[in-house]
Amino acid sequence: QHVDLSQVKYIGGDIVDDLIHNNQEKYTRDDQITFAVINLIKDPLPVCDMLFTRDCLVHLSYENIQQSIQNIKSSGCTYLLTTTFVDRTENYDITTGTWRAINLQKAPFNFPPPIKLINEQCTQGHGKFKDKSLALWKIEDVPLPDFN
């Protein structure tokens with residue numbers, strides 16, 4: 001709500017119906033700013049220049065991350081901007097719906113160095129998440145993780 005989107009077409013997506021409905025009521029502007037229920041794991045994604053998935057992959061199991069990345073890679077989008085925790089040295093699997101910090105440049109993800117890294121200056125947890133960042137990758141450069 002605090003970003004000037006007058007020069008872009010923005011499609012906000014989430015799996016939470018009530019959140020999308022609320023955002024539609026408050027923020028939709030013609031065809032320029034819209035919102036839709038979208039499941040990153042399995043729904044067709046709108047073709048766009050940049051897919052922004054903040055605080056999403058951290059809630060997914062390895063299997064669902066693999067499915068999401070496959071979906072992202074087949075979307076026709078150019079760039080991925082997503083959350084990563086750059087100081088984490090190890091990743092571990094979870095049940096989808098819970099949470100953990102992940103470093104997408106570490107195994108088993110093994111993403112290359114990002115094009116751009118933006119530290120979010122996160123102050124939650126008394127500095128425990130100070131490494132929380134948004135990282136930008138060209139989708140064609142993102143590997144499809146193999147968790148087997």
Side-chain angles (χ1 to χ4, degrees), residues 1-3 5 8-24 26-28 33-148:
Q1 75 187 24
H2 302 292
V3 177
L5 297 174
V8 299
K9 180 176 180 179
Y10 177 87
I11 303 166
D14 201 285
I15 60 170
V16 180
D17 290 326
D18 289 343
L19 177 66
I20 293 300
H21 179 73
N22 185 46
N23 285 344
Q24 287 171 331
K26 287 184 177 179
Y27 305 115
T28 295
I33 298 175
T34 59
F35 299 88
V37 175
I38 300 173
N39 183 329
L40 184 65
I41 298 167
K42 62 182 181 181
D43 288 343
L45 302 173
V47 177
C48 60
D49 294 326
M50 185 181 73
L51 184 63
F52 180 28
T53 59
R54 183 173 182 263
D55 295 333
C56 180
L57 300 178
V58 295
H59 291 287
L60 302 180
S61 68
Y62 280 175
E63 180 181 356
N64 287 160
I65 290 173
Q66 183 179 37
Q67 293 166 328
S68 296
I69 292 173
Q70 181 62 54
N71 196 25
I72 289 166
K73 289 180 76 64
S74 64
S75 69
C77 299
T78 306
Y79 294 97
L80 172 64
L81 181 66
T82 193
T83 303
T84 189
F85 291 78
V86 296
D87 292 341
R88 307 306 153 125
T89 58
E90 295 182 23
N91 292 307
Y92 58 91
D93 202 4
I94 60 167
T95 302
T96 292
T98 56
W99 183 93
R100 71 5 194 131
I102 57 174
N103 183 339
L104 292 171
Q105 290 183 262
K106 300 292 182 189
F109 307 107
N110 300 311
F111 282 26
I115 297 166
K116 179 76 175 171
L117 190 65
I118 305 164
N119 186 291
E120 288 194 20
Q121 306 296 314
C122 182
T123 59
Q124 292 176 319
H126 305 289
K128 187 176 179 181
F129 307 110
K130 65 182 178 186
D131 63 328
K132 182 181 181 191
S133 301
L134 291 171
L136 181 69
W137 285 280
K138 199 162 192 181
I139 291 173
E140 67 184 26
D141 296 337
V142 170
L144 182 61
D146 183 6
F147 303 114
N148 298 320

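For clarity, every value in this text was computed on a predicted model and none was experimentally measured.
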Distance-only donor-acceptor hits, side chain of residues 9-16, under 3.5 Å, sequence neighbours excluded:
residue: Asp14; atom: OD1; partner: Val16; partner atom: N; Å: 2.9

task = State which residues pass ring-ring contact (aromatic ring centres under 6.0 Å, His included) with Phe109; sequence neighbours excluded, sorted by chain then number.
result = Tyr62, Phe147
Residues 38-48, side-chain donor-acceptor partners within the protein, below 3.5 Å, at least two apart:
residue: Asn39; atom: OD1; partner: Ile41; partner atom: N; Å: 2.8
residue: Asp43; atom: OD2; partner: Asn39; partner atom: N; Å: 2.7

query = Is there a donor-acceptor contact under 3.5 Å from the side chain of Asp93 to the main chain of Ser61?
reply = no
task = Would you check if the side chain of Ser133 reaches a backbone N or O of Leu117 as a donor-acceptor pair within less than 3.5 Å?
result = no
task = Only counting residues at least two apart or in another chain, list the ones meeting side chain to side chain donor-acceptor pair (under 3.5 Å) with Glu63.
result = none
query = Got a sec, which pairs hit salt bridge (charged side-chain N to carboxylate O under 4.0 Å, His left out) with one end in residues 69-80, sequence neighbours left out?
reply = none
inquiry  = With a 4.5 Å cut-off on side-chain heavy atoms, are Ile69 and Gln66 touching?
reply    = no
ask   = Do Leu134 and Thr83 touch side chain to side chain, with heavy atoms closer than 4.5 Å?
value = yes
query = Quick one: salt bridge (charged side-chain N to carboxylate O under 4.0 Å, His left out) partners of Asp55, sequence neighbours excluded?
reply = Lys132
query = Is the backbone N or O of Pro145 less than 3.5 Å from a side-chain atom of Asn110, with the two atoms forming a donor-acceptor pair by type?
reply = no
ask   = Listed by chain and number, what are the side chain to side chain donor-acceptor pair (under 3.5 Å) partners of Thr53, not counting sequence neighbours?
value = Thr82
query = Is there a side-chain contact between Asn103 and Thr84 (heavy atoms, below 4.5 Å)?
reply = yes
remark   = Contacts of Tyr27 meeting ring-ring contact (aromatic ring centres under 6.0 Å, His included) (sequence neighbours excluded), chain-then-number -> none
task = With sequence neighbours excluded, tell me which residues meet side chain to side chain donor-acceptor pair (under 3.5 Å) with Asn119.
result = Gln121
request  = If a pair satisfies salt bridge (charged side-chain N to carboxylate O under 4.0 Å, His left out) and one of its residues is in residues 77-92, list it, with sequence neighbours excluded.
outcome  = Arg88-Asp131
remark   = Minimal heavy-atom distance between Val58 and Phe85, with the atoms involved, is CG1-CE1, 3.9 Å
message = With ring-ring contact (aromatic ring centres under 6.0 Å, His included) as the rule and sequence neighbours excluded, what pairs involving residues 110-132 come up?
response = Trp99-Phe129, Phe111-Trp137
message = Suppose we screen for side chain to side chain donor-acceptor pair (under 3.5 Å). Which residues come up paired with Arg100, at least two apart in sequence or across chains?
response = none
